[in-house]
Amino acid sequence: MEILETLLETFFDLESMAEALPEMLTIGLGNTLLLASASAVLGTVLGMLLAAAGISRSRWLRWPARVYTDVFRGLPVAVTILLIGVGLAPIGLALWGPNPYPLGILALSLIAAAYMGEIFRSGIQSVESGQLEAARALGLSYRSAMRLVIIPQGVRRVLPAWVNQLIALIKESSLVYFLGLLASQRELFRIGQDYAANTGNQSALVLAGLFYLAITVPLTHLVNHIDRRLREGRTPAAPDEDDAYEPDRPGDPVAAARPALAGTGGRSRA
């Protein structure tokens, strides 16, 4: 019982959560969504370019894409954020001042692009080669066939994997605090960490985790629903019973032949 009481007091203290809640709502939530959404858009665009380069016929495009993917997938996220956020800090100070968000977004986008590029590439290559040949036979160029036929199908197939990477990106945005944040720049995790350090109670971190769950769980179910609709399509409506029998139309040859067929038991005479 003592262990349970200690666990509840340390991680699920409602007073500590209520104390941190206003700042998480007014400051942390908006900053987390800004980091995640901006990185997701930029990472998706870069990932599509990487996928196109990865399946290109030119080795001068394939090899750099392969090297980029191997490097940014292999490095720890914290190392990449520090390399870009600290290494390019003088350039950032000259361009937009002491705001670490642009460099943090750039680092997260480069990391996400490496994963999304592989996701899109595998999805595009999973489309049957016969579809590309059929598109070429209809007169489409290679680029047009890829853009209009192959790539849309590949992107649809990897939608769940793309969302998984987006969820990982939302959680990885918490590591931007390595670059140093002002009070108004703190995201959810940093606010929870500050309250935990000041009070010695970890409940604010648990509250931050609940915020992450509130963002990611509905997103997962929404995309799963969209993916299911795309795969199954709309179920065709069953015909009404009233439409099952259509009255004879004037001049219908089948209707004209019915009396003769009825007199012969349904068999025509030679």
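Since the model is a prediction, treat every value here as computed from it, not as a measurement. Hydrogens, waters and symmetry mates are skipped; everything else that's a heavy atom, side chains included, is used.
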Heavy-atom check, side chain of [X] versus side chain of [Y], under 4.5 Å:
| X | Y | result |
| --- | --- | --- |
| R190 | V176 | no |
| D194 | I191 | no |
| T44 | L166 | no |
| L93 | P98 | yes |
| T220 | N224 | yes |

All pairs passing ring pair (Phe, Tyr, Trp, His ring centres under 6.0 Å) where residues 7-44 contributes a residue, at least two apart: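 Every candidate ring pair (Phe, Tyr, Trp, His ring centres under 6.0 Å) pair involving residues 7-44 fails, so no pair, neighbours aside, qualifies.
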
Taking only residues at least two apart or on different chains, which pairs with a member in residues 187-216 satisfy ring pair (Phe, Tyr, Trp, His ring centres under 6.0 Å)?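 For residues 187-216, and leaving out neighbouring residues, the ring pair (Phe, Tyr, Trp, His ring centres under 6.0 Å) pairs sorted by first residue read Y177-F189.
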
Give the minimum heavy-atom separation between [X] and [Y], together with the two atoms involved.
| X | Y | value |
| --- | --- | --- |
| A145 | A135 | CB-CB, 3.7 Å |
| N99 | Q185 | OD1-NE2, 3.4 Å |
| G192 | A204 | O-CB, 3.7 Å |
| G87 | P90 | O-CD, 3.8 Å |
| I111 | Y115 | O-CD1, 3.2 Å |
| G180 | P100 | O-CG, 3.3 Å |

For the atom pair [atom1] ([X]) and [atom2] ([Y]), what is the distance rounded to the nearest 0.5 Å?
| X | Y | atom1 | atom2 | result |
| --- | --- | --- | --- | --- |
| E9 | Q202 | CD | CD | 13.5 Å |
| L83 | L103 | CG | CG | 12.0 Å |
| L138 | S144 | CG | OG | 12.0 Å |
| N201 | S16 | CG | OG | 4.0 Å |
| L50 | L61 | CG | CG | 10.5 Å |
| T216 | I167 | OG1 | CD1 | 5.5 Å |

Check for a donor-acceptor pair, side chain of [X] on one end and backbone N or O of [Y] on the other, with a separation under 3.5 Å.
| X | Y | answer |
| --- | --- | --- |
| R186 | A183 | yes |
| R62 | R57 | yes |
| S39 | A36 | no |
| T32 | L29 | no |
| S126 | G123 | yes |

Only one of L108, I105, N31 passes side chain to side chain contact (heavy atoms under 4.5 Å, CB included) with S173; say which it is.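 For S173, the side chain to side chain contact (heavy atoms under 4.5 Å, CB included) check succeeds only for L108.
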
Pair R121 + E118: basic N to acidic O under 4.0 Å: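 Here R121 pairs with E118 in a salt bridge, since their nearest N and O are under 4.0 Å apart.
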
Step through the shown structure and confirm whether more than 12 heavy atoms of other residues, nucleotides or ligands are within 6.0 Å of CD1 on I3.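 Counting other residues, nucleotides and ligands, CD1 of I3 stays at 12 neighbours or fewer.
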
Just wondering, more than 12 heavy atoms not from L4 lying within 6.0 Å of its CG?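 Atom CG in L4 is crowded, with more than 12 foreign heavy atoms closer than 6.0 Å.
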
I'd like to know if [Y] and [X] are part of one continuous hydrophobic network [Ile/Leu/Val/Met/Phe/Trp/Tyr, side-chain heavy atoms within less than 4.5 Å].
| X | Y | result |
| --- | --- | --- |
| F72 | L179 | no |
| I84 | L169 | no |
| V86 | I91 | no |
| L34 | L110 | no |
| M48 | V149 | yes |

Can you list the residues that meet the side-chain contact (heavy atoms from CB on, under 4.5 Å) rule with L175, with sequence neighbours excluded?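 Counting only residues at least two positions away or on another chain, L175 forms a side-chain contact (heavy atoms from CB on, under 4.5 Å) with V77, I81, F178.
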
